[in-house]
Amino acid sequence: MKIKKLNTAFFDRDALLVAPELVGKILVRQFEDGQQIRLRITETEAYCGEEDKGCHASKGKTPRTEVMYMEAGTIYIYLIYGMYQMLNFVTEKENLPHAVLIRGAGEFNGPGKLTKAFKITGILNRKNICTNGELWIEDDGYKADILAAPRIGIDYAGEEWASRPWRFTDKLAQIKPSSAKLK
DNA sequence: TCTCCGATTCACT
DNA sequence: GTGAATCGGAGAA
């Protein structure tokens, strides 16, 4: 199948629809020196709006979370534990704080490792995945066999939200699960 | 201004 | 299995 770059329309939907479909897509990182990294996404997680207690935007719009209220396809980079960058893509229309976290791609099985390998930093925050020339996603027609599982690292949101099966992985890739603590 | 803590990872016991 | 590293955002004071 012809390889195509994902457009805004792909992201302009519910995160619960976008997250599983992103699994199997190709994440492309273009560096200034011409070097390019291409890895197939193997693990994602969905965060859906203010009612989702596991979502950063659950407490309303703040300087940090307003990125999630921006248009579909906006890149949301978040620094966690003072040392790791999380890579997310905003979905849904403006004012609807939905986002999809990229937890793993290719040989990298954790969000922190992924962003380190891709040299993802806050400078990409708020840029759009469809229009910037440094990071984007391509679809080569690969159909992933999706496996849904509970999200990780959001116990503070409470059992009800932490147990939602909103983490999606490629059953075939079956790389070792994310090294994040599984409880 | 001050304090608390996280969408994690890695070294060490 | 346990705990340190490390810092900006959010909420309290």
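Each chain gets a letter, A, B and so on, in the order its sequence line appears, and its residues count up from 1.
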Tell me: [atom1] of [X] to [atom2] of [N], nearest whole Å?
X        : N      : atom1 : atom2 : result
A:Ile120 : B:dT8  : CD1   : P     : 17 Å
A:Arg103 : B:dT8  : CZ    : P     : 5 Å
A:Lys61  : C:dA10 : NZ    : P     : 13 Å
A:Lys116 : C:dA5  : NZ    : P     : 17 Å
A:Tyr81  : B:dC4  : OH    : P     : 17 Å
A:Asn125 : C:dG8  : CG    : P     : 14 Å
A:Glu66  : C:dG9  : CD    : C1'   : 13 Å
A:Leu79  : B:dC5  : CG    : C1'   : 13 Å

Using a cut-off of strictly less than 4.0 Å, decide whether [X] has a side-chain nitrogen or oxygen near OP1 or OP2 of [N].
X       : N     : answer
A:Thr62 : C:dG9 : no
A:Lys59 : C:dG9 : no
A:Arg64 : C:dG8 : no

Any side-chain donor-acceptor pair under 3.5 Å between A:Gln30 and A:Glu134?
no
For A:Tyr69 and A:Glu50, test the side chains for any donor-to-acceptor distance below 3.5 angstrom and give the result as yes or no.
yes
Measure from the ring center of A:Tyr47 to the ring center of A:His98 and say whether it is less than 6.0 Å.
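Centroid distance A:Tyr47-A:His98: not below 6.0 Å, so no.
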Which listed nucleotide (B:dG6, B:dT9, B:dT8) is nearest to the side chain of A:Tyr78?
B:dG6
Please determine, for the side chain of A:Thr65, which listed nucleotide (B:dT9, C:dA10, B:dT8) has the closest atom?
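When the side chain of A:Thr65 is considered, C:dA10 is the closest of B:dT9, C:dA10, B:dT8.
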Please check if atom NZ in A:Lys5 has more than 12 non-hydrogen atoms from other residues, nucleotides or ligands closer than 6.0 Å.
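Result for NZ/A:Lys5: enclosed.
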A:Gln36 atom CD, over 12 foreign heavy atoms within 6.0 Å
yes
[Y] six-ring face occupied by [X] cation (under 6.0 Å, within 45°):
X        : Y       : result
A:Lys119 : A:Phe31 : yes
A:Arg64  : A:Tyr76 : no
A:Arg13  : A:Phe11 : no

Looking at DNA chain C, which of residues 82-93 of chain A put a heavy atom within less than 4.0 Å of it?
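Per residue number, the list reads A:Gly82, A:Met83.
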On a whole-Å scale, what distance lies between the [atom1] atoms belonging to [N] and [M]?
N      : M      : atom1 : answer
B:dC4  : C:dA4  : P     : 16 Å
C:dA13 : B:dC5  : P     : 14 Å
C:dG8  : B:dC10 : C1'   : 22 Å
C:dT6  : B:dC2  : P     : 22 Å

Minimum heavy-atom separation for A:Ile75 to A:Leu124, with atom names?
CB-O, 3.6 Å
Between A:Asp140 and A:Arg40, the two heavy atoms sitting closest are OD2-NH2, 3.0 Å
Over all strands shown, is A:Ile154 touching base, sugar-phosphate only, or nothing at heavy-atom distances under 4.0 angstrom?
sugar-phosphate
With pairs defined as Watson-Crick or G-U wobble and both distances under 3.5 angstrom, please note down DNA chain B as a dot-bracket string, | for pairing with another strand.
||||||.|||||.
